[in-house]
Amino acid sequence: EPQFYATVADGLKKIYKGKLLPLEETYDFHEFVSPQLNEPDFDAKPMVLLVGQYSTGKTTFIRYLLERDYPGIRIGPEPTTDSFTAVMYGEHEQVIPGNALAVDKSKQFRPLSKFGGSFLNRFQCSILKSTVLKCVTMIDTPGILSGEKQRVDRGYDFVGVLRWFAERVDRIILLFDANKLDISDEFRRSIEAIHGYEDKVRIVLNKADQVDHQELMRVYGALMWSISKVINVPECPKIFVGSFWDQQLKHDLYRRLFEKELQCLFDDLQDLPRYAAMRKLNDFIKRARMAKIHAYIISNLKDDMPKLFGKGRKKKELIKNLPALLKKIQEENMVATSDLPELTEMQDKLAQADFQKFPPLKEKLIAQVNHMLDKDIADLMAIVPTDFSEPVIRGGAFDDVKDMTSPFGFEKCEGIDLGAGEPDWIVTKERGKWDDIFQSLSPTKGKITGSVAKKEMVKSRLPNPVLAKVWRLADVDQDGMLDADEFALSMHLINIKLDGFDLPDDLPSHLIPPSKKRLFNGNGGGSGSGSGSDRDSY
C-alpha cells in the first residue's frame, strides 16, 4: 500500500471520531443523510463504479482491464449481471456473498446492510490475484433496465445503493452503447442519484467500432444532447469514444482516434491512487458541510415546535414550509444551494421522524467542526503527497496500453517515431520530391535563406508558431539557413504535423541528417536545447 494512505487516513480517522462524529450522532445525520464512516472507509483503495444499461459492456470493460475473467463473471447480450459485484485483490480466488460482507469489519461494505436482505442477496465480492487490483477496486452494477422490464420492482432501493457508492468511489464511469442511446426512466433516476458528484463522472461511448464514421458523428451528437438533459451541469463531462474489449474492430477508420481516447481514459484511471488522499479530504470536507447544514435544519425545526398542544398540525406545517426554512438557513449561514439536501427526500424522512426528540442547536459542536475545517484539515493538506513517485495502476491492460517498447505502443513506428531503429534515414524515402523543390528555390552555395524557405513552408498553411518550431528543429547546424538535407527534414516534419501528430521539443537522433551526425559526436549543439548526447537519449 502507498505510504500516504495510512498517514492521511489516520489523521482523518482521528478528527472524524473526535470532532465530526459527535455532531452527526447528535442530529441523526446517519439516519437522514449518510451512514457513519468506519475505519475501512478511510483505508480503502480507490474505487471505480461502472454504471450503464444492460449490454453496454460494463462487465466486459472490467475483464478488459484485468485481461482475465474473475470469479462469478457472466457476460451476455441480455441482462446477465443481476447483482452488484465488488472486484477486489486477494491471494486466493473466491466469491464472498453479500450477507457475509455486511458483517466483515475488514471491508467498507458494512453500512450496506441498511438496504436489507433482498439487496445483500444481490451483492457479492469477487476476490482474485490481479496486479491491477492492488491499487484499485472495481464495482460492477446490474444492467439498468428499459421498456417494460424497468417496471418490475428489484426488491431493494437500487437508486439508494448507487447513491451510497457514488459518495464513496473515486471515479464513476457511465457506459453507453453506440447502438442504444436511449435513456430509460431507471437510468435517468440512476444518473440523478449521483447529482453532487459530477466531478467524479466520466462517460464512455462503447462499441463505437460497430457504426461507420458517418453514423458515429450522429451518435456522438445524440449522446451529448441526451446527457445534457439529464446531467444538470453547464458543461457535459468528458466523453471517451472507443471499443473497450479485445476483439477485432468492425470499422477501423477512426482507429487513431480510438487509440488516443484509450490513452486519455487510462491516464485518468492510472492516476487515481496518486490522488486518493486528496479525494478523501475533499469528500470529508463536503460531508462536514452537509453535517453542519443538517444540524441547522433539525435545531430550527425543534425551536419552531410548540411545547404542549398542536404538535401534529405544526409538524405538517413545518414540513410543508421546509423550502422557506432551507432558504433562511442558506442566507444566514452563507450556504451554497448545491450543499442543501434534496427537498422531497428530506420531507419524506421528516414525516417519519419525531420532532420532539430533536435537540436544540449546540454551538459548541458547530464551533468544533469549524475549527476542524480551519485548522485540522489545513494540517492534513500539508502532508498530502505532492510528488509523482507514488505508484500508479499497473498490470493487465494498463501495461499493454502504456507499452512504449514494442512497435505497437502508442504512436510507435508512426509520426515522429517513424524510422526509429531503421538503418536508412527515413527522410530519404521522399527525398527526390524535396530535392526538386529545393533546386527550384535557387539555392546559393547549396543553401537557401530563411525568407526563401518561408515562402515554401507557409504553403502548408500551418500557423507561424508551428513553422517556427519546424525551422528550429530542421536548422540542425543553427546557421540560419537550410541546405538540401535540412530542407528535406523540414518538409518531413511539416508532413508529420499535417498528419495530426505532435512535434517534439528536440530532434530525435534517428531524424538527424547523416551529414550532420558529426555535430553530435562531440559537444556541439544542434536544433532545440541540450547537447547531442541528450538527443540520442530522447
Side-chain angles (χ1 to χ4, degrees), residues 255-268 270-271 388 392 400-431 433-434 438 448 450 453-454 456-538:
R255 184 188 189 96
R256 190 189 297 175
L257 169 65
F258 295 164
E259 289 176 356
K260 286 185 177 180
E261 294 286 278
L262 183 65
Q263 291 291 324
C264 292
L265 178 59
F266 272 56
D267 285 341
D268 185 72
Q270 261 195 323
D271 287 338
F388 285 88
V392 295
D400 298 331
V401 171
K402 293 300 176 183
D403 169 51
M404 293 304 294
T405 57
S406 78
F408 301 97
F410 181 57
E411 292 190 348
K412 295 290 286 183
C413 300
E414 59 182 6
I416 201 69
D417 193 64
L418 187 63
E422 295 185 9
D424 298 325
W425 192 36
I426 187 65
V427 181
T428 308
K429 291 186 176 181
E430 295 186 272
R431 182 63 182 271
K433 180 170 58 175
W434 309 139
F438 182 75
I448 58 174
K454 179 178 180 180
E456 184 63 32
M457 293 170 68
V458 295
K459 293 178 181 178
S460 66
R461 294 190 289 183
L462 288 172
N464 279 352
V466 176
L467 293 176
K469 189 172 191 178
V470 170
W471 174 271
R472 179 171 57 81
L473 293 171
D475 186 15
V476 179
D477 55 13
Q478 298 182 352
D479 64 351
M481 305 178 75
L482 298 181
D483 60 20
D485 284 347
E486 292 172 328
F487 179 77
L489 175 60
S490 70
M491 293 293 103
H492 179 72
L493 293 173
I494 285 174
N495 280 349
I496 288 175
K497 186 62 181 178
L498 291 175
D499 286 339
F501 297 97
D502 292 328
L503 297 177
D505 292 328
D506 296 300
L507 192 67
S509 59
H510 69 275
L511 288 182
I512 297 173
S515 61
K516 310 292 182 183
K517 290 283 188 182
R518 57 183 174 77
L519 298 175
F520 299 91
N521 291 332
N523 295 323
S527 60
S529 59
S531 65
S533 59
D534 292 331
R535 297 166 176 286
D536 292 339
S537 62
Y538 175 78

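Numbers here simply count residues along the sequence, with the first being 1.
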Note, [X] side chain near [Y] side chain (heavy atom, < 4.5 Å):
X      : Y      : value
Val401 : Phe410 : no
Arg431 : Trp425 : yes
Lys412 : Asp403 : no
Asp271 : Phe266 : no
Phe501 : Arg256 : yes
Lys429 : Ile426 : yes
Phe438 : Glu456 : no
Val470 : Lys497 : no

Do you know the tightest heavy-atom contact between [X] and [Y]?
X      : Y      : answer
Gly415 : Ile496 : O-CD1, 3.7 Å
Ser460 : Leu498 : O-CD2, 3.8 Å
Gly500 : Lys260 : O-NZ, 3.5 Å
Gly480 : Trp471 : O-CZ2, 3.5 Å
Leu418 : Cys413 : CD1-O, 3.3 Å
Leu482 : Ser490 : CD1-OG, 4.3 Å

Of all residues at least two apart in sequence or in a different chain, which pass the salt bridge (charged side-chain N to carboxylate O under 4.0 Å, His left out) check with Lys516? Asp477, Asp483, Glu486
Report the residues that fulfil salt bridge (charged side-chain N to carboxylate O under 4.0 Å, His left out) with Glu430, sequence neighbours left out, ordered by chain and then residue number. Lys433
When you compare the side chains of Gln263 and Lys402, does any donor N or O come within less than 3.5 Å of an acceptor on the partner? yes
Does Met481 form a side chain to side chain contact (heavy atoms under 4.5 Å, CB included) with Asp475? I'd like the steps, not just the answer. CA-CA 7 Å; Met481 305 178 75; Asp475 186 15; over 6 Å; no
Measuring from atom OG of Ser509 to atom CG of Asp506, what distance do you get when rounded to the nearest 0.5 angstrom? 11.5 Å
Given Leu489, Asn495, Ile494, the one that forms side chain to side chain contact (heavy atoms under 4.5 Å, CB included) with Met491: Ile494
Knowing that exactly one of Leu507, Leu493, Leu473, Asp502 qualifies, which makes a side chain to side chain contact (heavy atoms under 4.5 Å, CB included) with Ile416? Leu493
Is Glu411 reaching over with its side chain to a backbone N or O of Asp417, donor-acceptor style, under 3.5 angstrom? no
